[in-house]
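Quantities reported herein were computed from a predicted structural model and do not represent experimental measurements.
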Amino acid sequence: MDAIKNYVALVGFGQGGWGGLLASAMMVTIAVSVCGFLTGSVLGTIVAGMKLSSIAPLRWIGGCYTTVLRGVPDLLVVYLFYFGGGALLSYIGAFAGYDGYIGMPAFLTGTIALGIVSAAYQAEVLRGAYRAVSRGELEAADSVGMRPWRKFRRIVVPLVLRYATPGLGNTWQLVLKESALISVTGLVEILRQSQIAAGSTRKPFEFYLTALVLYLVITWVSSILFGRLENRTMRGFRRAI
């Protein structure tokens, strides 16, 4: 019983507790994950369009992108953007007359790295969803004289989102887990804050256990939200069946 009280006091919001810092780190984790996921959605849509293009060079570039980004360690991508971005900023600063090293902001590094990595997975999800669209529906739209943009907006986009939602939900969970890698840049998210707290109190088990719980809470809430989104997108389809 005393052990539970000590744990609650340690991770709580009272005096000497780490609850406030852990809650702040949780918000940072959510923020960098959302920004990375949205960045990946935009880039993934572009890459999916390239892979579906009738132009061979675009298909080749899109294929190389997904192959490379899914084949290299995600931590390596984080390091490349963190140190490579810093080197590029320093070069630009030197060109402008600033003599010194300019570091890449940790949050920006996380957003870009997570976005670029997740884009490779989202591109495959969107490409598969597009290929799942019935050709008959597209031909029906053509037969009634629907213009290409109107067909894309009223037929293609809703169906692609319907088929892609489960896969995008899985990709979001992947982005959420990969956000822990951004701790190597110094960004104080859940894992980094747990490391700091564990080092300060010499109680690593308690704080890493807390980190596990926080990640599970975010994952659980995310699963509920994506489940509702999936039910909403499939509502008309299920009624038709």
Side-chain angles (χ1 to χ4, degrees), residues 28-91 103-133 156 160-187 189-192 195 208 211-212 215-216 218-219 222-223 226 230:
V28 172
T29 293
I30 295 174
V32 73
S33 298
V34 170
C35 292
F37 182 80
L38 294 178
T39 301
S41 297
V42 174
L43 185 56
T45 301
I46 296 173
V47 175
M50 295 172 67
K51 297 193 70 171
L52 292 167
S53 174
S54 59
I55 303 176
L58 291 181
R59 291 199 307 273
W60 182 83
I61 294 173
C64 287
Y65 181 92
T66 55
T67 299
V68 171
L69 267 297
R70 291 191 300 168
V72 300
D74 299 336
L75 183 59
L76 178 59
V77 177
V78 174
Y79 277 133
L80 286 174
F81 276 94
Y82 185 61
F83 294 108
L88 178 61
L89 290 177
S90 298
Y91 177 79
M104 186 78 166
F107 191 92
L108 180 60
T109 300
T111 297
I112 295 175
L114 291 177
I116 286 179
V117 171
S118 68
Y121 296 92
Q122 293 193 57
E124 291 299 323
V125 171
L126 294 172
R127 184 176 69 91
Y130 179 80
R131 292 192 178 280
V133 175
V156 175
V160 168
L161 290 178
R162 172 181 294 171
Y163 296 133
T165 298
L168 293 177
N170 292 333
T171 305
W172 161 254
Q173 304 287 17
L174 178 66
V175 170
L176 182 61
K177 290 191 295 183
E178 289 178 340
S179 67
L181 300 176
I182 311 302
S183 63
V184 300
T185 67
L187 183 68
E189 40 68 70
I190 292 176
L191 184 59
R192 179 62 177 166
Q195 292 172 336
Y208 289 132
L212 181 147
Y215 279 115
L216 287 180
I218 300 174
T219 301
S222 300
S223 299
F226 271 97
E230 183 178 353

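Side-chain N/O atoms of Gln122 and Ser41 include a donor and acceptor closer than 3.5 Å.
With Arg59 contributing its side chain and Ser54 its backbone, the two residues share a donor-acceptor pair below 3.5 Å. In terms of modelled atom types and a separation under 3.5 Å, the side chain of Ser53 and the main chain of Gly49 share no donor-acceptor contact. Proximity of a side-chain donor or acceptor of Tyr121 to a complementary backbone N or O of Val175 within less than 3.5 Å is not detected. A donor-acceptor contact shorter than 3.5 Å links the side chain of Thr29 to the backbone of Ile190.
Atom OG of Ser33 is separated from atom CH2 of Trp172 by 4.5 Å, given to the nearest 0.5 angstrom. The line from CZ of Phe37 to CG of Leu174 is 10.5 Å long, rounded to the nearest 0.5 Å. Here CD1 of Ile112 is found 11.0 Å from SG of Cys35. Values are rounded to the nearest 0.5 Å. Between the CG atom of Leu58 and the CG atom of Leu52 there is a distance of 11.0 Å, given to the nearest 0.5 Å. In this structure, the separation between CE on Met50 and OG1 on Thr66 is 10.0 Å, given to the nearest 0.5 Å.
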Applying side chain to side chain donor-acceptor pair (under 3.5 Å), run through Gln173 and Ser223 and close with a yes or a no.
CA-CA 9 Å; Gln173 304 287 17; Ser223 299; 3.1 Å; yes
Check step by step if side chain to side chain contact (heavy atoms under 4.5 Å, CB included) holds for Leu114 and Ser179.
CA-CA 7 Å; Leu114 291 177; Ser179 67; 4.2 Å; yes
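Between Tyr215 and Ala180, the shortest heavy-atom contact is OH-CB, 3.5 Å. Considering every non-hydrogen atom in both Ala120 and Leu69, the closest pair reads CB-CB, 3.7 Å. Contact detail for Val78 and Thr109: the closest heavy-atom pair is O-CG2, 3.9 Å. When all heavy atoms of Gly85 and Met104 are compared, the closest pair comes out as CA-SD, 3.9 Å.
In this structure, Phe81 and Ile116 have side chains that are in contact, with non-hydrogen atoms separated by less than 4.5 Å.
In summary, Glu124 and Lys51 engage in a salt bridge, as defined by a charged side-chain N under 4.0 Å from a carboxylate O.
Within a 6.0 Å sphere centred on OH of Tyr130, heavy atoms belonging to other residues, nucleotides or ligands number 12 at most.
Checked against Val160 for a side chain to side chain contact (heavy atoms under 4.5 Å, CB included), the options Thr165, Leu126, Thr45 give a single hit: Leu126.
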